[in-house]
*Asks:* 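One structure is given below, represented as structure tokens, and several questions about it will come after.
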Protein chains: 2
Amino acid sequence: MRMEITPAEASVSRPRTPAEPASRDAAVGITGVVSLLRPVRAGNAFEETVERLLQALKLGVVPHGEKLPPERELATRLGISRVTLREAIRALQEAGYLDVRRGRYGGAFVVYRPPSPRKGDLRRAVTRMGEDDLEDALTFRMAVECGAARVLATTELTPRQRETLAARLAGVNDAAPADYRRMDIAFHLAIAELSGSPLLAAACADARLRVTDLLNAIPVLRPNIEHAAVQHAAIAAAILDGDPEAAERAVAEHLEGTAALLRGFLA
Amino acid sequence: MRMEITPAEASVSRPRTPAEPASRDAAVGITGVVSLLRPVRAGNAFEETVERLLQALKLGVVPHGEKLPPERELATRLGISRVTLREAIRALQEAGYLDVRRGRYGGAFVVYRPPSPRKGDLRRAVTRMGEDDLEDALTFRMAVECGAARVLATTELTPRQRETLAARLAGVNDAAPADYRRMDIAFHLAIAELSGSPLLAAACADARLRVTDLLNAIPVLRPNIEHAAVQHAAIAAAILDGDPEAAERAVAEHLEGTAALLRGFLA
DNA sequence: GTCCAAAAGTCTGGAATCAGACCATTGAGG
DNA sequence: CCTCAATGGTCTGATTCCAGACTTTTGGAC
């Protein structure tokens, strides 16, 4: 029983929280930081867990064929009870993302591969997301990834770090088409992770996630890959060179291409 | 009954979630994005709500003397039940941050002013935070604020936006000493907010929050203010000029000063 | 002085979530 | 073939959290 990839469907089997309160322009305080009065929680534990696991699949943290950590361990790491985790796993299983097997050497095996895009997917994905959210996501991504590159380029890198960056760059370049996105993600996130800041890494992962569905709707074509390869190389070079501004410029240029493409679908 | 300003104390009256699971280097997947398997929730609803409200006070979203929105409205906006919100409000009341009055024209009035730092506060604050978390917060802030400045400088600004930025700059410069931090925050966050990306604004607010206690422990001295004023002006000028790299450089320089100062307390 | 509206304060039943004990299944190794 | 360890599957009582109805307090308007 496969289903679409929209994040909504997996929770079909257990629709809990009904609506979301509309955010209003409240007359509170002077600064416009009303965002602090946003919902404390994005949903119930079940929903948030489904979302989180789905993210892990989509970013390729746990690739096709591998299995998630054992329930007990995963529940601990996610800070939720095993019961709730199991509900989430079951939802993903029913949606076709996981294959759960019991017994020793059993586990929840990942059955997700990024779908190869069909004509019209991109337009649909962009439309579904909404103009404001798309703009928000693109801006956010631009800011955090540029910032991460700058920070990393400013840092005195250890040989170990330089190797990792180079390895990730090579990873994208050598990737099989089916693995391209995954390796691209790995490269981009490596920049944030090498900065040594978990907060920054999480922010970049979040930013990437918000455009994942869109990127997955873009066919991976030869010219695109080659173009990206040049830009990736420029980014890595600038970072290894310790040139913050060049690094940032390179990242901005790289992301601008994608952003322009996606924005085009809103006009 | 006043208490210290540490974020821990307000929850004294209701200590719930016990410990936090240590993050481990799990052998999951290829990328190191283990961050996705981090806890789904930072604490229980009560704790998170206390934290959120405390943040609103510390960032000056609701300044001294003003009152929070009515319980029902606030509960809706925060996406929690009134019961839970009231528990949080009571905790903050008992900690001396709020003055709750009933009846029409009643409400939860803010009784918080950033404390004037005493000698040793900074060292204590830095030590309490822990080396890794401090480094993380500083790196994160550097990245997102630089990124935000770059994005804004890249944007074609409307007259309205230019005015707002100028107004915030003037706000810091004209601020009374007691209001200085609040206006400084307003200026910094304006950069993120003017980018039009709620995600980016939230990230910058988060970043600022993570160093608020530390900054509050630094006395606001004349030379510091003047130095900051020059840097603030440079930032605003670069943004209004539409020079992304200058904007970023200016922000980096500005933040580097604070970062270096704080890092000094770890050596 | 009386009334009224807006706010905080209180109570109740039910759903969500949890911790932890226990059961069932499975494949590897002896 | 048997045993064992690691894993998913199930159950139970307690706690947290919720929605919503109801009560009390307060100050302004008439």
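Numbered from 1 within each chain, the chains take letters A, B, ... in sequence-line order.
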*Asks:* Test H188(A) against every option in E145(A), R168(A), R208(A) by the side chain to side chain donor-acceptor pair (under 3.5 Å) rule and name the one that passes.
*Replies:* E145(A)

*Asks:* For D132(A), does the CG atom have more than 12 heavy-atom neighbours from other residues, nucleotides or ligands under 6.0 Å away?
*Replies:*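 12 or below, so no.
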
*Asks:* With no angle test and no hydrogens, is the base of dT24(D) tied to the side chain of R102(B) by a donor-acceptor pair under 3.5 Å?
*Replies:*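 Yes.
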
*Asks:* How close or far is atom C1' of dA16(C) from atom CG of N44(A), stated in whole angstroms?
*Replies:* 8 Å

*Asks:* S195(A) and L200(A): which non-hydrogen atoms are nearest, and at how many Å?
*Replies:*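 S195(A) and L200(A) have their closest heavy atoms at OG-CD2, 3.6 Å.
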
*Asks:* Between atom CZ of R52(B) and atom CG of L74(B), what is the distance when rounded to the nearest 0.5 Å?
*Replies:*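 Atom-to-atom, R52(B):CZ and L74(B):CG are 10.5 Å apart.
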
*Asks:* Are N216(A) and P114(A) close enough that some pair of their side-chain heavy atoms sits under 4.5 Å apart?
*Replies:*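 They are in side-chain contact.
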
*Asks:* Between dA21(C) atom C1' and E71(A) atom CD, what is the distance in whole Å?
*Replies:*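 Computing the E71(A):CD to dA21(C):C1' distance gives 16 Å.
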
*Asks:* Counting only side-chain heavy atoms from C-beta out, which of dG9(C), dT25(C), dC22(C) sits nearest to R72(A)?
*Replies:*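 Per side-chain heavy atoms of R72(A), the pick is dC22(C).
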
*Asks:* Wobble G-U and Watson-Crick pairs count when both distances are under 3.5 Å; given that, what is the 5' to 3' dot-bracket string of DNA chain D, with | for pairing to other strands?
*Replies:* ||||||||||||||||||||||||||||||

*Asks:* Would you call R41(A) and E48(B) a salt bridge, taking side-chain N to carboxylate O under 4.0 Å as the test?
*Replies:* yes

*Asks:* Mind checking side chain to side chain contact (heavy atoms under 4.5 Å, CB included) for V100(A) and listing every partner two or more places apart, or none if nothing turns up?
*Replies:*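 So V100(A) forms a side chain to side chain contact (heavy atoms under 4.5 Å, CB included) with I89(A), Q93(A), A108(A).
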
*Asks:* Are there any protein N/O atoms within less than 3.5 Å of an N/O atom in nucleotides 1-3 of chain C, and if so, which ones and at what distance?
*Replies:*
none

*Asks:* Could you name each residue pair satisfying salt bridge (charged side-chain N to carboxylate O under 4.0 Å, His left out) that touches residues 197-206 of chain A, not counting sequence neighbours?
*Replies:*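 Found D206(A)-R210(A).
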
*Asks:* Between the side chain of E47(B) and the main-chain N/O of N44(B), is any donor-acceptor distance below 3.5 Å?
*Replies:*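 The answer is yes, because a donor-acceptor pair under 3.5 Å joins these two groups.
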
*Asks:* On DNA chain C, compare the nucleotides closest to V100(B) and I80(A); which residue's is nearer the 5' end?
*Replies:*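 The 5'-side residue here is V100(B).
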
*Asks:* Just wondering, more than 12 heavy atoms not from R113(A) lying within 6.0 Å of its CZ?
*Replies:*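 Open: at most 12 neighbouring heavy atoms sit under 6.0 Å from CZ of R113(A).
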
*Asks:* Determine the contact category for R86(A): base if any of its heavy atoms lies under 4.0 Å from a base atom, sugar-phosphate if only primed atoms, P, OP1 or OP2 are that close, otherwise nothing.
*Replies:*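 Base: the residue R86(A), judged by heavy atoms under 4.0 Å, touches a nucleobase.
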
*Asks:* Could you check if a side-chain atom of T212(B) sits within less than 4.5 angstrom of a side-chain atom of Q55(B), using non-hydrogen atoms only?
*Replies:*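 When only atoms from C-beta onward are counted, Q55(B) and T212(B) do not touch, as no gap falls below 4.5 Å.
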
*Asks:* Rounded to whole Å, please give me the gap between CD in E73(B) and P in dA8(C).
*Replies:*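 Going from CD in E73(B) over to P in dA8(C) covers 10 Å.
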
*Asks:* What N/O pairs connect the protein and nucleotides 4-6 of chain C at under 3.5 Å? Give each pair on its own line.
*Replies:*
{"residue": "dA6(C)", "atom": "O4'", "partner": "R104(B)", "partner atom": "NE", "Å": "3.3"}
{"residue": "dA6(C)", "atom": "N3", "partner": "R104(B)", "partner atom": "N", "Å": "3.3"}

*Asks:* Where is the tightest heavy-atom contact between T49(B) and L78(B), given as atom of each residue plus distance?
*Replies:* CG2-CD1, 4.1 Å

*Asks:* Using a 4.0 Å heavy-atom cut-off across all strands, classify I89(A) as base, sugar-phosphate, or nothing.
*Replies:* nothing

*Asks:* Looking only at non-hydrogen atoms, find the nearest pair between R182(A) and P63(A) and report the distance.
*Replies:*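 Looking at all heavy atoms of both residues, the closest pair is CZ-CB, 3.7 Å.
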
*Asks:* With a 4.0 Å cut-off, would you call D121(B) and R124(B) a salt bridge?
*Replies:*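 Salt bridge: yes.
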
*Asks:* Grab the CG-P distance between D99(B) and dA8(C) for me, whole Å please.
*Replies:* 12 Å

*Asks:* Rounded to the nearest Å, what distance is computed from the CZ atom of residue R41(A) to the P atom of nucleotide dT16(D)?
*Replies:*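 R41(A) atom CZ is separated from dT16(D) atom P by 13 Å.
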
*Asks:* Rounded to the nearest angstrom, tell me the gap between atom CD in E48(A) and atom P in dA16(C).
*Replies:*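 The distance from CD of E48(A) to P of dA16(C) comes to 15 Å, rounded to the nearest Å.
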
*Asks:* Grab the N/O contacts between the protein and nucleotides 11-13 of chain C below 3.5 Å, and write none if there aren't any.
*Replies:*
none

*Asks:* Just the rounded figure in Å: distance from P of dT15(D) to CD of E47(B).
*Replies:* 17 Å

*Asks:* Given dT16(D), is OP1 or OP2 found less than 4.0 Å from the side-chain N or O atoms of T84(B)?
*Replies:* no

*Asks:* Less than 4.0 angstrom between a side-chain N/O of R82(A) and OP1 or OP2 of dC18(C), yes or no?
*Replies:* no

*Asks:* When the distance from CG of L98(B) to P of dA7(C) is rounded to whole Å, what number comes out?
*Replies:* 16 Å

*Asks:* Any side-chain to backbone donor/acceptor pair from D136(B) onto L199(A)? Under 3.5 Å, distance only.
*Replies:* yes

